[in-house]
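Take a look at the structure below.
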Amino acid sequence: MVLPVKIASFNVNGIRARIASVASWLERHEPDVLCLQETKVEDDEFPHEELARVGYETRVAGQTGYNGVAIASRHPLTDVKVGLFDDGPSAERRLIAATVLGVRILDVYVPNGKSVALPSFVEKLRFFERLRVTLDVSEDAARELVVCGDFNVARAELDVFDPGRFRGKLLFHPEEQRALARVLDFGLFDSFRQLHPEERRYSWWDYRGGDFRSNRGLRIDYVFVTAALSPRIRRAEIDVEPRREPKPSDHAPVLVELD
DNA sequence: ATGGTCGAACCTCGA
């Protein structure tokens, strides 16, 4: 691995609505890699040029209207792979993987689930199982590997502004927490929590009800790393600045620096 | 209080 490496992840909630903000953020922070979720655009309409102008080559897995992931990099991307192990050609676009500077990177957008009482919640739990199988069959827990993105689950009380109000509800339900934990049992560590064991920081705030202004948020975006990288995390942050902009995404970028 | 607000593509859905 070529060191140091700076890797970021950002659910942009529509790349076309956010392209100027994302390009500006890339210019300010200059990560080696930026993983994007909810690009909400077909591959032939992705704004590649705007990211190339600030130095990034982008590989995409998009669809019309919903979902969509992309990896932007200042360095060559190799071994690009789209989708979960059992995805058919019409599957929702929620996973893209690439190798950059010797680091294997998986960019994930986990289904929201809608409500714990609906079949979509079962689909969310199944997605976590399928993500684990994808790791088992395609990736190596012994190597330098990053799994980042929007996981749509707060892992612990410290990751929720009002645990009492969220307990048993979507984004903070024990079943989805266990499902995510089984993915992490592959051999992944929560970089932000490792460096900041006590800090209450969020990565997502509902657009409604002035939730950001009142800091009523959840930490549901993560950068997970394997044991080969966990001792080498020098910085793990959530950058709330883009959430303060006019017309922001409802998420904030999360980032790590490894050396 | 089961509200509220976004993006994308339609006149509603998914989050």
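With A/D159 as the fixed residue, the side-chain hydrogen bond (donor to acceptor under 3.5 Å, both in side chains) test singles out one of A/Q177, A/R201, A/R193: A/R193.
Annotation: proximity of residues 159-171 of chain A to DNA chain B (heavy atom, distance under 4.0 Å) is found for no residue.
A distance of 12.0 Å separates NE2 of A/H251 from CD1 of A/I238, quoted to the nearest 0.5 Å.
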| Where along nucleotides 6-15 of chain B does protein come under 4.0 Å, by heavy atom, of base (B) or sugar-phosphate alone (S), with - for untouched nucleotides? | SBSS---BSB
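Nucleotides B/dA15 and B/dA9, compared at atom C1', are 15 Å apart to the nearest Å. Look at the P atom in both B/dC13 and B/dG3: the space between them is 15 Å, to the nearest Å. Comparing B/dA8 with B/dG4, their P atoms sit 23 Å apart, to the nearest whole Å.
Through side-chain heavy atoms spaced under 4.5 Å, either directly or across other Ile, Leu, Val, Met, Phe, Trp or Tyr residues, A/Y66 is tied to no other residue. A/F127 shares a hydrophobic cluster with A/L84, A/L95, A/L106, A/V108, A/V110, A/F128, A/L131, A/L135, A/L145, A/V147, A/F151, A/V153, A/L180, A/V183, A/L184, A/F186, A/L188, A/Y222, A/F224; the chain of contacts runs through ILVMFWY side chains whose heavy atoms sit under 4.5 Å apart. Using a 4.5 Å cut-off between side-chain heavy atoms of Ile, Leu, Val, Met, Phe, Trp and Tyr, A/F172 falls into a hydrophobic cluster with A/V116, A/F121, A/L125, A/V160, A/F161, A/F166, A/L170, A/L171, A/Y202, A/W204, A/W205, A/F212, A/L218, A/I220, A/V240.
Atom P of nucleotide B/dA1 and atom CZ of A/R216 are separated by 17 Å, given to the nearest angstrom.
Using cut-offs of 30° and 60° for the angle between ring planes, the A/H29 and A/W25 rings count as parallel.
Contact record, A/R93 with A/Q63: N-OE1, 2.7 Å, taken as the closest heavy-atom pair.
Evaluation of the side-chain hydrogen bond (donor to acceptor under 3.5 Å, both in side chains) test over residues 103-119 of chain A, restricted to residues two or more places apart or in two chains, returns A/Q37-A/D107, A/E38-A/Y109, A/T99-A/R104, A/R104-A/E139.
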